Each structure stands twice: as structure tokens, then as C-alpha cells.
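Let me begin by presenting the structure, written as C-alpha cells, before commenting on it.
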Amino acid sequence: MRHRLLVNRTPGDRSEAAPPDAGSPAAGSPLDYHRRLPGYAATPLRRLDAVAKRLGVAEVWAKDESERLGLPSYKILGASWAVYRTVTDDLGVDVGDWHDIDELRSRLAPLGPMELVAATDGNHGRAVARMARLLGWDACILVPAGTAAARIEGIGSEGASVEVVEGTYDEAVEQAAGYASERRLVISDTSWPGYERVPRWVIDGYSTVFGEIAGQLREDGTEAPTHVTIQMGVGALAAAAGAAYGTAHLTTLVGVEPLDAACVLASVAAGAAVDVPGPHDSAMAGLNCGRPSPLALPVVQESYAVLVAVGDEAAEEAMRLLATEGVAAGESARPASRGCSPWRTIRPAGWLSGSSPTPAC
Ligand SMILES: Cc1ncc(COP(=O)(O)O)c(C=O)c1O
């Protein structure tokens, strides 16, 4: 099976990886916030015995993010926290003590009508659109050319307007950045020079996933996973995992991305951000990114031991394998494994999926 593998010789002092955000006095912690959103429940951590047997390791667990706050991916955790921090920290709204989304919406009413803007190559745009809907605001979501009609419909179903940009995801990001104004808040999961606060909050919002995993493994009597494998687009989720496991030194982190869009691997190999030009046509739709987030890249560089780029056939095989365990996964994936024999027994073809069967934008 086609793949490219990079053993990162430069992981450094992991203590320099961005620490998990503890929230702020005004906003509280991401988990406290997520608990107050409609439909919050910890997602299941599934033990996959058939997958472990197939890979020749002791145990494999997958954090199943196919249903998170009513959407088919974990992305809403980052998008919702970034919107919240933008209004509390950047716009300075005093939201006081609120208990549910209705109360939050009424506290934000003095702002008047607002619009959220985001570019997306995966689930982030739909998550931003959902947040706008929950707050009674508009949303404008930009998608790259070639985005599947079903994904555009998924975003539209949240009441957002969808603009198709004639270009790649990275060009959609550039266009979205130009839409920022007093009433239009750009909520991007990737960063660029001068735009770091919001993507930092997106990364912080993902900490809820790893906080839940820690609690779930503790219940199982485990301190930490031996290996965690994370799928990468711009690397924001990978950075959140880097922050969660980076300083513990107990866990080996492995990042995975599509062969045609392996911008994080190329950048870690080069020791600096590298653009991987499109077209990016992988079936791993949310991972089709040609430019890593400058905010995420140093964290990955510091804390990931191995980076792997795989072809679509590996994702398809992983989906089939997961289906045998009753996990209906999509092409983009994220498992947590533990108790494994040395990591080298985790073959590139064996990466796993924990997202939705039909990832919506
Ligand atoms: C299910 C899923 N996993 C991973 C990613 C990539 O995450 P990141 O861009 O933070 O690396 C996406 C992006 O949309 C996604 O939808």
C-alpha cells in the first residue's frame, strides 16, 4: 500500500508544546462551556478487539466522534469555543452566569445581528454554521471548488449561505479572511500571521475530547495511552493532542494525512512551513489541506514522533475493518490506542477511523 513515513528526529522539549488552555475567568473552561450546549454527552471510547488482533497489538481504542453535539464530527467543540471566546474576550460582552443556550443567546442580544464566516474543507464550516443558528446569527461558509453537493447541503441545512470558491481550500481560507468586519466574525480553524487568537481557541476547544478520553481510560484503570494516532488537515486537532499528551512523555503521538496533501509531514521534514500545491483530491475530504496552520505546526514538530501519509486505499481498508466492529466510520479518522507492542507494529495501513460515514462540511 502506498505510504510515506517520517520519523521525526526533531521532537524537542515537549514542555514547549502549547499547554492546554484552562479557560479564562470570564469564559470558564472549554468543558464547562460544552456541557451547557444542547445535547452535550461524552462520546464513546470504543474498544476494538478485532482491530487490535489484525494489527498485532494488545488493545486498540477509538474515540467515536460520529455524533458530537448533534453533528457528525468533533469540530463543533473548537468552533463553539472559538465563537464564545471571541464574544467574551474580543468583543468584551459580559455574558454573566448563564445555564443554557437560550440564556446565552439573550445575553448576546445587545450585540445586534452578527454573521459568522468560515472556510471549510470538512466539518468545521458546518459547525460554525450550527453555532450561528444556535445564537440566531447569520453564517457565510466558503468551500473549495469540487466540494460534494451533499456537504454543501449539510451546511445549508444549518441556515448558512454557502459560497463555492474557484480554487483550493487554502484559497477559500484567504478569501474568508478578507470578509472580516465589525459585524462579520471570521472563525477559522487555521491561522495566519496576525490571526492567531481564534484558531488558538479552536485548538483549546478540542481539549474536551482528550479530557474525556483521560476520564474514560481512568475508569478502565489506565493512566495514559501508549500511542495516539491523529488525522491531520491543517494540524489543529493534532496540536490539541500535542497539548494534551505532549508533556506527559508516556504517549507516542503519530500524525496521519493523505499522500496528496501531506503538508504537515512535508513541513516537519523541512523544519519550516511548506505549501503542498493542489489539487487535493483525496477521499479524506476534511484532510485536503495544502498549508499547515502556523500555530499548530510548532506543536506537532515538538511533540509528534512519527508522521505518515497514506493513500485513499488505506482509509478505505480502515473503514472496512472498523465496520467489522460495528463502527460506521468516515474516511478521516482518529483512534486512541494503548497497551500496544512497540509502535512500529502499527502499520501505516492500519490507521483507523472515528468520524462519520458521510462527513458533512
Ligand atoms: C473528521 C475530521 N478530522 C480531521 C480533520 C482535520 O483537522 P485539522 O484541520 O484540525 O487538522 C477534519 C477537518 O475538517 C475533519 O473533518
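Just so you know, ligand 1 is whichever comes first in the structure, and atom 1 is the first atom listed for that ligand. The shown structure was predicted, so the numbers you read here are calculated from the model rather than taken from an experiment.
- Under a 4.0 Å criterion applied to the non-hydrogen atoms of Asp121, ligand 1 contributes the atoms 14 (O).
- At least one N or O atom of Gly235 sits closer than 3.5 Å to an N or O atom of ligand 1.
- Near Leu287, meaning under 4.0 Å from any of its heavy atoms, are these atoms of ligand 1: 4 (C), 5 (C), 6 (C).
- Atoms of ligand 1 found under 4.0 Å from any heavy atom of Ala236, numbered from 1 in the order shown, are 8 (P), 10 (O), 11 (O).
- With a 6.0 Å radius and a threshold of 12 heavy atoms from other residues, nucleotides or ligands, Asp100 has its CG atom above the threshold.
- For ligand 1, one of its N or O atoms has an N or O atom of Leu237 under 3.5 Å away.
- With sequence neighbours excluded, the residues satisfying salt bridge (charged side-chain N to carboxylate O under 4.0 Å, His left out) with Arg184 are Glu115.
- For Lys75, every heavy-atom contact with ligand 1 shorter than 4.0 Å involves the side chain, none the backbone.
- The shortest N/O to N/O separation between Tyr74 and ligand 1 falls below 3.5 Å.
- Applying the salt bridge (charged side-chain N to carboxylate O under 4.0 Å, His left out) definition to pairs two or more places apart or across chains, those involving residues 127-139 are Arg130-Glu158, Arg133-Glu158.
- Which parts of ligand 1 touch Met232 is read off a 4.0 Å heavy-atom cut-off, strictly below it: atoms 11 (O).
- With a 4.0 Å heavy-atom cut-off, ligand 1 is reached by no atom of Thr190.
- Considering all non-hydrogen atoms of both residues, Pro30 and Thr208 come closest at C-OG1, 3.9 Å.
- Here CG of Leu48 is found 13.0 Å from CZ of Arg54. Values are rounded to the nearest 0.5 Å.
- Ligand 1 lies nowhere less than 4.0 angstrom from a heavy atom belonging to Cys289.
- Comment: Arg291 engages Glu174 in a salt bridge, judged by a side-chain N to carboxylate O separation of less than 4.0 angstrom.
- Using a 30° and 60° split on the angle between ring planes, Tyr84 and Tyr33 fall in the parallel class, below 30°.
- In terms of polar-atom proximity, defined here as any N/O pair under 3.5 Å, Asn123 does make such a contact with ligand 1.
- Using the six-membered ring where Trp is involved, Trp192 and Tyr195 have ring planes that are parallel, under 30° apart on the 30 and 60° scheme.
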